[in-house]
Structure formats: structure tokens, C-alpha cells
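The next block holds one structure in the form of C-alpha cells; read it before the comments.
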Amino acid sequence: MKIVTTLLLSLFASSVLFAQSGKTVRVQTRANSTVENWTPYEAHTVDNLKGFKKKKEPALSVFGGYKTDRQEATGFFRTEKINGRWWIIDPEGYLFHHRAVVAFGPGTSKKQQLAFQEKFGTRAQWVKAETEMLRSYGFNGAGAWSAVEDIRTSQTPLVYTLIVNLWETTSMSM
């Protein structure tokens, strides 16, 4: 699987920079949006760190878990402490690190809908093409605020997370 090494820098959501692999860039940030002073510093991508050696990505399970150490397959995601470290275990029993994009979904504005129609035509085509694109960049899932119903229709769905609001009135007893 092709892995694109990128670095996303953000300090209290006041400054964001997306740096390409192999680049050293000057960035500025501030403590928060109410602070006027910006502080400059150099940012480096991971592959430029001294001594960094990129390892080959291990084979992945259908869910995106690492096929390096298999635990009990339960058919469900769960957490388990292994050698003093907590892991997410995928349904097949493989160690799982959720690498997801939040708000994975087609846009809703008129311009976005026109572009969507021109590029994909259908929601099924959109989810297929965009799922393949995300996987090609090393992602294995979709985060909150994603188009879950579309993801579920895919023949090879991404792992996704749901928003759970425990304070909302539901049929569940507390």
C-alpha cells in the first residue's frame, strides 16, 4: 500500500499547515484565535527526521488491521491490553490503528452537487471512488460526521465511527 507521509500541524486550531513529504517549511502559529502574536518556527516532515527509516506497511486485514499479531477473532471491534499497551482489535482479531478522515461525505452546496454529479453521477460511484482514494493514501476509515449510510452500501466499506450523544433522549435506559 502506498503511504504518503504528510504532517498536519495545528495549535489550538488557529494555524494549520499541510506539508508535503520531504519538505522543510517555515510556519507560524498562535496560542488561540484571540492572541494577536504569531510565533514562527520550522516544521519538518517525519521522513526528514534524523535516523528515520520508513518500514514497509504490513499486510492488512479486510478492516485495515495489521496482520502481524492475531488475537481472538470475535466478529466485533473491541479493546484489549497487550504487553502493557491498549489496542483496538478488529473483528478478525488483528491489531487496529484507526486512520480516518472526519466528515467523509459529498458536499451539500449547489456548486458541490453540480461537481459531484459531473464527476461521479451516483452516490454509489462516489463512495467507491473516494474509498479507493482514501485507502491509496493509507486511510482505513471514516470519522464522525461521515456519510455512514453511503459507506454501508459499499462492497468494501471503510470502518466508520458514529457520534454517540449520551445526553440525548433515547429508548435506551440509563
Is it the case that the side chain of [X] and the backbone of [Y] share a donor-acceptor pair, with hydrogens and angles ignored and the cut-off at 3.5 Å?
| X | Y | answer |
| --- | --- | --- |
| T153 | D150 | yes |
| S146 | A142 | no |
| E130 | V127 | no |
| R70 | L95 | no |
| T161 | A144 | yes |
| E80 | I89 | no |

Does any non-hydrogen side-chain atom of [Y] lie less than 4.5 Å from one of [X]?
| X | Y | answer |
| --- | --- | --- |
| R99 | H97 | yes |
| K128 | F120 | no |
| N140 | V159 | no |

Rounded distance [0.5 Å steps], [atom1] in [X] versus [atom2] in [Y]:
| X | Y | atom1 | atom2 | result |
| --- | --- | --- | --- | --- |
| Q71 | W87 | CD | CH2 | 10.0 Å |
| R123 | I151 | CZ | CD1 | 10.5 Å |
| T131 | Q155 | OG1 | CD | 11.5 Å |

Please list, chain by chain and in numerical order, all residues satisfying side-chain contact (heavy atoms from CB on, under 4.5 Å) with K67, sequence neighbours excluded.
-> A59, S61, Y94

Starting from [Y], can I reach [X] by hopping between I/L/V/M/F/W/Y residues whose side chains sit under 4.5 Å apart?
| X | Y | answer |
| --- | --- | --- |
| V101 | V148 | yes |
| V62 | F76 | no |
| F139 | M133 | yes |

Hey, are Q125 and T122 close enough side-chain-wise for a donor-acceptor pair under 3.5 Å?
-> no

Identify the two heavy atoms, one from [X] and one from [Y], that lie closest to each other, and give their separation to 0.1 Å.
| X | Y | answer |
| --- | --- | --- |
| G143 | A100 | N-CB, 3.7 Å |
| H98 | G141 | NE2-CA, 3.6 Å |
| D90 | R78 | O-NH1, 4.4 Å |
| R135 | P157 | NH2-O, 3.0 Å |

Listed by chain and number, what are the ring pair (Phe, Tyr, Trp, His ring centres under 6.0 Å) partners of F104, not counting sequence neighbours?
-> W126

Pairing residues for Y66 by the ring pair (Phe, Tyr, Trp, His ring centres under 6.0 Å) criterion, not counting sequence neighbours | none

Is it true that K111 and E118 have a side-chain N and a carboxylate O under 4.0 angstrom from each other?
-> no

Criterion side-chain contact (heavy atoms from CB on, under 4.5 Å) on R152 and Y160, from CA distance to verdict | CA-CA 9 Å; R152 288 178 179 168; Y160 58 87; 2.7 Å; yes

Stepwise side-chain contact (heavy atoms from CB on, under 4.5 Å) test for F96 and F77 = CA-CA 9 Å; F96 182 82; F77 280 94; 4.0 Å; yes

